[in-house]
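A short write-up of the structure that comes next.
Values below: every heavy atom of this structure, side chains too, minus hydrogens, waters and symmetry copies.
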There are 2 protein chains.
Amino acid sequence: MRNKISLKDIAKAVGVSTALVSYVLNNREREARVSPETAKKIREAAKELNYQPNQLAKSLKSGKSLAIGLILADISNPFFGHLARTIEDESKKKGYTVIVGSSDENYKNSERLMNTFIERQIDGFIIAPAEGSEAQLKYLNELNIPFVLIDRYFKEIESSYVVIDNFRATHDATAKLLELGHQNVAFVCYNNQLQHTIDRYNGYSKAMEEAGKKVTSKLLCKVKFNNPGDFHLKFRNLMTKGNKIDAVLFSTNTLSTLGLKTLMDLGIKIPDEVAVFCFDESESYDLFYCPVSYVSQPLKEIGQRAVQILVEMIGAKSGFHRQVILNSELVIRESCEKR
Amino acid sequence: MRNKISLKDIAKAVGVSTALVSYVLNNREREARVSPETAKKIREAAKELNYQPNQLAKSLKSGKSLAIGLILADISNPFFGHLARTIEDESKKKGYTVIVGSSDENYKNSERLMNTFIERQIDGFIIAPAEGSEAQLKYLNELNIPFVLIDRYFKEIESSYVVIDNFRATHDATAKLLELGHQNVAFVCYNNQLQHTIDRYNGYSKAMEEAGKKVTSKLLCKVKFNNPGDFHLKFRNLMTKGNKIDAVLFSTNTLSTLGLKTLMDLGIKIPDEVAVFCFDESESYDLFYCPVSYVSQPLKEIGQRAVQILVEMIGAKSGFHRQVILNSELVIRESCEKR
DNA sequence: TTGAAAGCGCTAACAC
DNA sequence: GTGTTAGCGCTTTCAA
């Protein structure tokens, strides 16, 4: 069996009450006026017996678990992996432990995770919400469980969130491509109704409009999530049906990787035959034959801000929300040149 | 404030004792001979009040937290991200929640994480141990806390583990390169003393020996972990100092990516000037100009087996260990051809 | 300066 | 069939 030493064991060993032990081991001996000798004995016994406090009991008593629930689409996706890493690091600094779950972009999974985490009394959530999660988030609000959304948010849900200015990101990337002289700039995105998808589309579309270009279906490729077959079909179509595409803007990291791969397979030369602008950083880009241009999100800052806001919300007596919109950066490299 | 409904609230609402509520909501009404009407009323009240059990209180009472602590080197590394994903999925199936932490290959961090997790009463650990973790693992053994090592293990530590046959993996990869006619096969690894590093080196070295080749320092590149500068210095040296290297075997995924990148920067053509064999799958390989050969680890199986073994260990009254050595697979593609 | 005791939410042995 | 109660490990009020 597992050798569990409790406050009581220490109290017995030293010959004092558990109250004193509790005070001393929480460094509150002064406030409780514990005599130095007793304190010393208690500390020694604790060390001797190798005492480790039971956080569960503390939490039960205090009503605070010092745990944060993190719900991502997929922890194996490097974009979310990086986010998870910064969130974990920042949480550790703040004294919180992170419990993670992958929703797989499915709101049913996300709901199940949320309930599991609530049962574990997490103090708050950081969530990259799946499509259709609105009701669950409203529910969290009803329960007064603080949460911060990352990467995506919902216009109709009152909440804190940390996102980038997606409109501006794609707007500027598109404008850059047009400025470089590309004529038919295509846009590749998922066909969901998530706000960041919409914002990114609008950014693209606005930049086109400003340049006097019409966005026709010949320039658009909206594909199903998690469905490489659908992607290949539609993207190949886009690129090979005589649409005269001379530049492509991919609106997520997974689409970027899939897209580069497909262009390579099709033998379409970048940037000679088509210019390419990607979304998010990826170590894959480093191995691509042509240095890739991309929208760089400040992942570290997103994670840190999310944790900071959440911790503030947890500590606040009355509810508040904080919205943070960060700027992304365009990293311009060879792949978007006009040849 | 957070609207927390407890068993007591339901008991009061229905007008019964908490004991009955507990029995019913744990579906043990039959064994406790609760009358159907009472049971029904209790369930209705629970639903009505939107009751969510407090897992912390349950755990405190039962001594089981139904939580697993996962300690990885770095959750943002896709290799570990995938592992984390399969572990999370399998744990969920078994009714366990996963708490993750990144050690950054630093045993001090790993120790801190372990203690945090122990305080949270996790039922067991899955660990990709950092160099120097031996003492901590012995400590876990003393405490009778079950754990399963993944990716790496220590010969001198009695423990369960799930790893691949690293010796065989590099042995076979090296043999393949030699069989294809390469003469000077170099080996790139980290300069640590982790068993998997040693095994991988031995596999390489054995294959060389079997082919009547001598492993000289001119063929070896041992680099510091997490130190791209050191890598570049030594690897460039290896490739440019007239060592006549015509094939390189990289012994981890990070080294593989760094290596491919450097070879590209140096303008060394693969496989025309040098053949390359990598370790672990990576989406980056898909974007490389030449299809990359690699050792493919069965990530999903590693994660699943680790969870299965851990759960068995947690359930067992007496301690036992289970060692699983899985086979990896060689994926042979253009990059290792002899030109 | 220290101890006793209540109580966080839950389970389970036991009594009625 | 149902209720009472002790106790998991901890904190904190109150009394001594």
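Rounding to whole angstrom units, NZ of residue B:K41 and C1' of D:dT2 are separated by 12 Å. Following rounding to the nearest Å, A:L66 (CG) and D:dC10 (C1') show an atom-to-atom distance of 14 Å. We find that CG of A:D9 is positioned 10 Å from C1' of D:dG9, with the value rounded to whole Å.
Boundaries of the chain B contact region on DNA chain C are C:dC8 to C:dA13, first to last in 5' to 3' order (nucleotide atom under 4.0 Å from a heavy atom).
Electrostatic pairing of A:E90 and A:R305 does not count as a salt bridge here, judged by no charged N lying under 4.0 Å from a carboxylate O. Taking 4.0 Å as the cut-off between side-chain N and carboxylate O, A:K93 and A:D89 do not count as a salt-bridged pair. Between B:K41 and B:E48, no side-chain nitrogen of the basic residue sits less than 4.0 Å from a carboxylate oxygen of the acidic one, so the salt-bridge criterion is not met.
Of all heavy-atom pairs spanning B:R85 and A:A73, the tightest one is NH1-O, 4.3 Å. Across A:S65 and A:D123, no two heavy atoms sit closer than the pair N-OD1, 2.9 Å. Of all heavy-atom pairs between A:A306 and A:I150, the closest is CB-CG2, 3.7 Å.
Under the rule for a salt bridge (Lys or Arg N to Asp or Glu O under 4.0 Å), the partners of B:K40 that lie at least two apart in sequence or sit in another chain are B:E44. With sequence neighbours excluded, no residue satisfies salt bridge (Lys or Arg N to Asp or Glu O under 4.0 Å) with A:K12. Listed by chain and number, the residues in a salt bridge (Lys or Arg N to Asp or Glu O under 4.0 Å) with A:E111 amount to none (sequence neighbours excluded).
Nearer the 5' end of DNA chain D, as judged by each residue's closest nucleotide, is the contact made by B:A39, out of B:A39 and B:L60.
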Given the rule in the side chain to side chain contact (heavy atoms under 4.5 Å, CB included) test, do B:D104 and B:S102 qualify, once you have shown the distances and angles that lead to the verdict? CA-CA 6 Å; B:D104 238 340; B:S102 295; 5.8 Å; no
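Close to D:dT2, at under 4.0 Å from its OP1 or OP2, lies a side-chain N or O of B:T38.
Rounded to 10 degrees, the angle between the two end axes of the helix from C:dT1-D:dA16 to C:dC16-D:dG1 is 50°, with five pairs used at each end.
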Scoring nucleotides 11-16 of chain D by protein non-hydrogen atoms under 4.0 Å (B base, S sugar-phosphate only, - none) yields BBB---
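In this structure, B:Y161 has its ring center under 6.0 Å from that of B:Y153.
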